[in-house]
Amino acid sequence: MSKITLAKGLNAGLRKAMEDDPKVLVMGEDVGKLGGVFRITDGLQKDFGEDRVIDTPLAESGILGTAVGLAMRGYRPVCEIQFDGFVYPAYDQIVSQVAKIHFRSQGKVKMPIVVRIPFGGGIGAVEHHSESPEAQFAHTPGLKVVSCSNPVDGYWMIQQAIACDDPVIFLEPKRQYHADKAELDESVSPAPLFSSRVVREGSDVTLLAYGPMVKTCMASAEAAAGDGVSLEVIDLRTLSPLDMGPVVDSVRKTGRAVVVHEAHTNLGMGAEVAARVAEECFYSLESPVLRVGGFDTPYPPSRIEEEWLPDLDRVLDAVDRSMAF
Amino acid sequence: MSKITLAKGLNAGLRKAMEDDPKVLVMGEDVGKLGGVFRITDGLQKDFGEDRVIDTPLAESGILGTAVGLAMRGYRPVCEIQFDGFVYPAYDQIVSQVAKIHFRSQGKVKMPIVVRIPFGGGIGAVEHHSESPEAQFAHTPGLKVVSCSNPVDGYWMIQQAIACDDPVIFLEPKRQYHADKAELDESVSPAPLFSSRVVREGSDVTLLAYGPMVKTCMASAEAAAGDGVSLEVIDLRTLSPLDMGPVVDSVRKTGRAVVVHEAHTNLGMGAEVAARVAEECFYSLESPVLRVGGFDTPYPPSRIEEEWLPDLDRVLDAVDRSMAF
Amino acid sequence: MSETTTPDFGPALGEVFGPAQAEGGRDLVQLLTPEGERVEHPDFSFDAGTGVDEDETIRGFYRDMVLTRRIDTEATALQRHGELGIWAQLLGQEAAQIGSGRALRPQDFVFPTYREHGVAWCRDIDPLRLLGLFRGVDQGGWDPKDNNFGLYTIVIGAQTLHATGYAMGMQRDGVVGTGDADRDAAVVAYFGDGASSQGDVNEAFIFAASYNAPVVFFCQNNQWAISEPIERQSRIPLYQRALGFGFPGVRVDGNDVLATYAVTKAALQRAREGQGPTFVEAYTYRMGAHTTTDDPTRYRLSEDLETWKLKDPIARVKAYLTRNGLASEDFFADVEEEAEKLGEHLREGCRALPEPSPLSVFDNVYAEQTPELAAQKAGFAAYLDSFEGAQA
Amino acid sequence: MSETTTPDFGPALGEVFGPAQAEGGRDLVQLLTPEGERVEHPDFSFDAGTGVDEDETIRGFYRDMVLTRRIDTEATALQRHGELGIWAQLLGQEAAQIGSGRALRPQDFVFPTYREHGVAWCRDIDPLRLLGLFRGVDQGGWDPKDNNFGLYTIVIGAQTLHATGYAMGMQRDGVVGTGDADRDAAVVAYFGDGASSQGDVNEAFIFAASYNAPVVFFCQNNQWAISEPIERQSRIPLYQRALGFGFPGVRVDGNDVLATYAVTKAALQRAREGQGPTFVEAYTYRMGAHTTTDDPTRYRLSEDLETWKLKDPIARVKAYLTRNGLASEDFFADVEEEAEKLGEHLREGCRALPEPSPLSVFDNVYAEQTPELAAQKAGFAAYLDSFEGAQA
Ligand SMILES: Cc1ncc(C[n+]2csc(CCOP(=O)(O)OP(=O)(O)O)c2C)c(N)n1
Ligand SMILES: Cc1ncc(C[n+]2csc(CCOP(=O)(O)OP(=O)(O)O)c2C)c(N)n1
Ligand SMILES: [Mg+2]
Ligand SMILES: [Mg+2]
C-alpha cells in the first residue's frame, strides 16, 4: 500500500487503463512531453508512444470532434481539457454530437469518450481557470457526469469512466491535485462509478457535496461536532445520473439538507438536488433544502476568490439557518 | 389597432428599434434577402441596407464574436441564430466573452447584444431544430434571458431587449410564430422587460410557464375550470433574472405550484424555480413544487414529439398529483 | 504619412478576386463537356481500372445518376403529399455524388451531410432508409458499420472533424500506406460551400494536415448556402483554401461524372498511400430549393438556373453514350423501368416505415441505461396506460 | 487498382514542407541583420515618415525595447517574490511588439492576447496597470476606449473575431478609405502560432475577407504553444495560411524591429485605404517560459535557446547604433537609468495596487443591476458584518 495524491491517483489510473486496453488513447493540449500543465499524464507518452498519447493542435472542438471519429473507429479517447474555462469551444461537439450519437444511431454507435476537466477555483489563477461547468453538462441527456474528491476515488473512477461505454464528463478538483495524500489499497474493490457515498454519518443536517467541496464539508462537520451539531456528509460523486438513494435516506433521517458547490448557485446542481429532495422527502423536511454555492457573478479576481468560494463559515451559516427554520 | 402574429410582432419591433436607433444592426445567416428562414427579418435589409442587416458567413461563433467587436465600437447588434440547436458553436463567445466583458472591464465596456433564438419544438422538424437551451444560458452570470409567449409581448420585448445595455438571450417560441393573432395597441405602454405576469387568476394551483408552454397552461387552466379546479397561470417572461415576486405571492395563496417547460426536466428552469419557491414559501406549501418538462432524453424524432412534449394532459396530471399530496 | 505606397504583398487582390467563381475559373478539371464530348486534362484522366470495360462503367454511372435523381424527385413528391416532413434535394448534384461515390473502395469510410443521397446509393444504402430521418420516424436508419457510411449530420461541418478522427484511427490501425490495395483505406468528408466557413471545418483541415491523415475533404460547391451565395463565404475559389493549410486542393467540374470520378479516385489514392489529405471542390449547382421548405425565388435569378440546366450532369452522359453508340435504346428503356420500380418501392415503402413508439425514446440515450431514466420510462408508461384504462 | 499514379495536385508536399519553419524560410522579410547591418528588401523598406529623424526613431525603438524588457524582467521577479500569481513573459518578442506597436496611429485599435506588454507600452498604458490582472486584483485595469487598446484576452483566439467586428464597425463609421490620413483607421489583432489552430481565428479570416474589413492579423510565431512546437499547428509557414482565405500574408523577422515596423505599417496602410485584411507573421522565439509556472526544460533543447540568443532583437539595434555612431554612451546610460526608475515604479506600485473588496464582485456583472443580485450582495454584506460584530 502506498500514499498517493489525487494527481498521482489519476496518473496511475490512466496508466492502468492504457495497459489494460490498447484502444485507450489520451489526447489534448500539452499532454505529451509536458505531461499536461498539471502533470496528470506525466510519463504516459514516453511509455505508450505518440500514437496513443496525442498532443493536439490548439483547438478544443477539434479535440472532441476527432475523438468522436476515433471512437467510431473503435478507440476509447480520453480527452484532456486544459482548464474548465476552455471546454466551451468544444461545447457544440459535446452536446450535439458526443451526447447524441448513440441515440441518433439507435444504439448502433457507442461513444466511449472521457472528457477530463480540471475544474473549480482556489488556485490563485486568472480568468477562465476556475470555472465549474458541471450543470451545463448534467442538463444534457446522453452525457454522464462525475466528479472525484480524493486520490483513491481518482484512481478508480477514471478507470471506471474509461471502461464505461457512454461519454463521461470527468471533473477533477484541480485544487486537490497535490493537496492531500491517501492510502491506495488495490485489494479493496471500488464502489460502482455512478454511486453516491456517505462519507461521514450524522443526525442533525445532511451536507451534500462533490469534488472540492467534500473536503470543505468534512471540515465543517468536524467543527460543528465541536458545537454538538451532528452533520452527515454525502459525497455525491455522480452528478448525472444522480444517485438519490443515499440522499433520500439521509434526509429522511435528518430532515434537513444543505447542498454545497462552487458553481453559481442559480441553476447549479443544488437546484436539481433541492427540487428532488423536496419532492421525495416532502413530509420529512423540517426546513427547505438550502444551497451554498458560488455567487451569481463571474468568478472573481483571485485576490478575493477565497471570500467568493463557499467555505466552512458559509456552510455552517447555512446549517444554522437550516436548523433555525 | 391591428391584429398581428408573433412573427409580425417581432418583425415590427425590430423595424421600430432600427428606426429609433441607427446603431442597431441585425446580423445572421439568411437574414437579408430571405428575411430569415422564419421571415422575422423580412424586408429589413431592403429598407435599412446591407450595412445594417448583415448576411453573415455560415459560422455562429463568428457571428457572436464579430458582434462583440461591433458592440465595442458602439453598435447594438441583434444576432439571429437560425435554430436553437445551432447556438452551441457560439456558446464559448457567449459565456466567456459576451457575458463577461462588462465584468472584466469593471463596467467600462457595455455589451448591448441581443441573441435571438427561435426555440422549442412541435414543428415536425429534424434533429437540432427543436431544442430548449435556456437553462444553459440562465446559469451564466452576465447574461439576461427572456422569452416571449405572444405577439404583443414579442413586439415590445424585442425593443426592450435591444434597448437594454446588457446582453439578452431572447428566446422565441418558433411554434407560435404564425399560430395566433393578437391585437396590438401601441398606446398601451408595455410592462418592464424583466417582469413576470399573472395571465390567469386562480386559487387552487399555480402554473408557472414561459414561451410556448404558456398557451398550453392556459388551455389546461381552461379545461381544469370545467372540472371546478381553479388554476392560476403565470407567464415568467424573464428567466434570468427571475421575477419571484408574483410567483411567491401566488404560491403563498395557492400553496401549490407546477412548473412547465419543454426543456429537459433535469436541471431545467423548473429546478431553480422549485428550489426558490421551496425556500421562500416553505410554510405555505401544501405539496412540493412539481415539474412537467421534456424528458431527460434527446429531443425525439418528430413523429413522437407531441407525446414527448408537455401537453394539457401531462399538466393536468401534475395538477392532480399536486392536489392529491 | 499617407505618402506610403503599399508594397507588393504577393498575389494582387485583383488576381485573387478574378477567377473566384466565374465559370469555375481557369482551373476547373473537366473530362466531359456539357455537350457530351470527352476532353483531355494534363493531370487527370478517366480510368475505369484495369480489366474493367470503360463503356460499361460509364453506363453504370448513367444508371446511378438517373436512379439517384429518381430517389430525389420521388422523395420531393412524398414531402408534397405530407409523407415526409422535409426533404433536402440533390437535383443537379448527381455527378458530384456518383462520381465521388463510385471512386470509393469497400474499406473506405464516408461522412455525409444531409444531402448525400447519391453517395448513399453508391454505398448500397436502401434509399428507403434515407426517408426515415425526413419522415421523422428516426434520425438515421442505418448502421454506419454495415456500409462504412456514417449517419447524416445536420450540424454544419461537425462531420469533417469526425472524418479526420476516423482517418487518424485508420492510421493507428495500420491500414494506410501498406501498399496493399485491398487493405489501404481512406475517409471522405462531404460538406458544402457554406460549411467551409465553420470553425470546425477549418480545424479539421488543421488536424488532418498536422497528422497527415488519410481524408479527402469533398466540398460540393453548389453556389448556395440557403440564400447566401458562395461569395459571402469566400472571395477566392474554394479549393484554394487548402493551400493555406499545406495540402493540395483541386476544383473539378461537379457536373462531370468522369472528372469527379477521376479526381476523387486520385485523391483517395493519395490518402491511402499515406500522402495525406486533399481538398476536392466539386463545382456544381443546387438546381432545386435548399429544402422543400425553401423558396429560392426570393434570392436568386431564374436565369442562373437556365444556364446551369445546360450543364446537366445526366444529359451530357446520355449525349456521349448515344452519339458514340455506346448504349442502346433498350439500355435507356431498362434504366427508365428500373427507375419506375424504384419510385414504387419508395412510395410504398415510405408509408410502411414503422412508427416509433413514444417509449422508445428512453432506450438508446445511453449504452448503459441509468436507473433515473428507467424510472422516468416506467412512470411515462404508467401514465400512458392510465389513458388506455380510461378508454377501456 | 493501385497502378493509378498520383497526378499533380499543385504544390508538391516536399516543396510545401520544405521551408516550413527552417530559418524562417526563403520569404522572411529582414531589414536589420542579427549583426546589426541594414539590408535591402525588394518590397519593404524602413521609412520613419517625412520630416521625422530616422536615427531618432531607431533610438526610440531601442529605448522602447529596453524598457519593455525591463517591465518583463521586473514582473517576473515580482512573481518570484509572490507579488504576482503568474506572469506571461515576452522576453525575445520585444521587436515584434514595439515594431508593430509603433506602426499604429492613435485612431487605430488593438486587440491583444495576454502577452502584449510591449504593445501596451506603445499605447501609453502604464505598465503598472498590466500587473493587476496577474496579481489578481482585477481582470484588466484600463479602459479600452482611453488608448484604443483592448483588454487582455485569455481564451485563445477569441479576440481575433472581436477585432474583425470592430473593423466592420469602422467601415460603418466611414473611417476607412476616405484618404484622410488622420481619419482612416484600422485594427490589429494579435495572436500566437498556437492560436492559428482555433476555429475562431479561422472564422475571423473568413469574416474579414468576406467584408474586406480593415484588420491586420498580427501573429507572433514564437515557435511554441506552451510545450507544442509550431509544427504541430502548421506544416507550412504560417503566413501562407492567408492565401487560403484570399488575402495577403507576409513573414517578417520578428526580432527585427525595423522590418516589423515597415511591414506592419504597410499592412495597416492597406487596411486604412480599404484594401482589406493582411496576415503578418512575425517570426520570433519565446526566450522565456510560457509563463512563470511553466518549465520549458521538459520539452525543448537549450541549444535552440542559444541559437536564438544570437538573434536578440535589442542587441542588434544597439550594435547598429553604436557601430554607426548614432547613439552616445550617454544615451545608453540614460535609457538604463530610465529602466531603473521604471523598475522601481513597478516594484513600489505593484505592492500598492488597491485590493478589491469582496462585495465589489456584485457591482459590474450587469450594466443594469438586477434585484436578484442586489439582494445577494446585501445578504453577503450582512453575513460579512456578522463577523465584524463577532470580532467587536
Ligand atoms: C451549425 C449550423 N448552423 C446553421 C445551420 C442551418 N443550415 C442548414 S443547411 C445550411 C446551409 C448549408 O449550406 P452548404 O454548406 O453550402 O450546404 P448545402 O445545403 O448547400 O448542401 C444552414 C445555414 C445548421 N444546420 N448548422
Ligand atoms: C481556448 C483555450 N484553450 C487553451 C488555453 C490554454 N493556453 C493558454 S496559452 C496556450 C498556448 C498559446 O500558444 P500561442 O497561441 O502560440 O501563444 P503564446 O502563448 O505562444 O504567445 C494555451 C494552450 C486557452 N487559454 N484558451
Ligand atoms: Mg451549398
Ligand atoms: Mg506561441
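Naming convention: chains lettered A, B, ... in sequence-line order (proteins, then strands); numbering from 1 in each chain.
Put simply, the side chain of C:Y211 reaches to within 4.5 Å of the side chain of A:P57, judged on heavy atoms. With a 4.5 Å cut-off on side-chain heavy atoms, A:M72 and C:F111 count as touching.
When each of A:L64, A:V109, A:L242, A:I101 is checked for heavy-atom pairs under 4.5 Å with chain C, A:L242 comes out on top. The candidate with the highest count of non-hydrogen atom pairs below 4.5 Å against chain A, out of C:I206, C:D200, C:T164, is C:D200. In terms of non-hydrogen atom pairs under 4.5 Å with chain C, the most contact-rich of A:C164, A:G142, A:P167, A:G107 is A:G142. Contact count against chain C (heavy-atom pairs under 4.5 Å) is highest for A:A59 among A:P112, A:A59, A:A99. Between chain C and the options A:P141, A:A71, A:G65, heavy-atom pairs under 4.5 Å are most frequent for A:G65.
The distance from the CG atom of C:L373 to the OG atom of A:S240 is 9.5 Å, given to the nearest 0.5 Å. Annotation: the span from C:Y366 atom OH to A:D165 atom CG amounts to 14.0 Å, rounded to 0.5 Å. Interatomic distance, A:Q97 CD to C:L161 CG, rounded to the nearest 0.5 Å: 9.5 Å. Atoms CG and CZ, from A:L25 and C:R172 in turn, are 6.5 Å apart once rounded to the nearest 0.5 Å. One distance of note links NZ of A:K108 with CG of C:L151; it measures 7.5 Å at 0.5 Å rounding. Interatomic distance, CD of C:E372 versus CE of A:M244, reported as 9.0 Å (0.5 Å rounding).
Residue C:Y152 comes nearest to A:R104 through the heavy atom pair O-CD, 4.3 Å, listed as atom of the first residue, atom of the second, then distance. Pairing each heavy atom of A:D166 with each of C:A367, the nearest pair is OD1-N, 2.5 Å. Pairing each heavy atom of C:V361 with each of A:F103, the nearest pair is O-CE1, 3.2 Å. C:T370 approaches A:K144 most closely through the heavy-atom pair CG2-CE, 3.7 Å. In this structure, C:V155 and A:S96 approach most closely via the heavy-atom pair CG2-CB, 4.2 Å.
Around the NZ atom of C:K145, the shell of radius 6.0 Å holds more than 12 heavy atoms that belong to other residues, nucleotides or ligands.
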Next item on the list: Before giving the answer on side chain to side chain contact (heavy atoms under 4.5 Å, CB included), spell out for A:V68 and C:Y166 the whole-Å C-alpha distance, their side-chain angles and the decisive distance to 0.1 Å.
Entry: CA-CA 8 Å; A:V68 167; C:Y166 195 95; over 6 Å; no

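For C:D173, the parts lying under 4.5 angstrom from a heavy atom of chain A are both the backbone and the side chain. In this structure, no portion of C:V187 lies under 4.5 Å from any heavy atom of chain A. Using a 4.5 Å cut-off between heavy atoms, A:S105 touches chain C through backbone and side chain atoms alike. Heavy atoms of A:A67 lying under 4.5 Å from chain C are absent altogether. For C:A158, the parts lying near chain A are the backbone and the side chain together; criterion is any non-hydrogen pair under 4.5 Å. Of the atoms belonging to A:T56, heavy atoms from both backbone and side chain fall under 4.5 Å from chain C. The contact between C:E203 and chain A is made entirely by side chain atoms (from C-beta outward), counting heavy-atom distances below 4.5 Å. If you measure heavy-atom distances from C:E368 to chain A, the contacts under 4.5 Å come from both the backbone and the side chain. Residue contact with chain C, scored on non-hydrogen atoms closer than 4.5 Å, involves the backbone of A:L143 exclusively. With a threshold of 4.5 angstrom between heavy atoms, C:T160 does not approach chain A through any atom at all. Interface remark: C:F205 contributes no atoms to any contact with chain A (heavy atom separation under 4.5 Å).
Residues of residues 74-93 of chain A placed with any heavy atom under 4.5 Å of a heavy atom in chain C are listed by number as A:Y75, A:D92, A:Q93.
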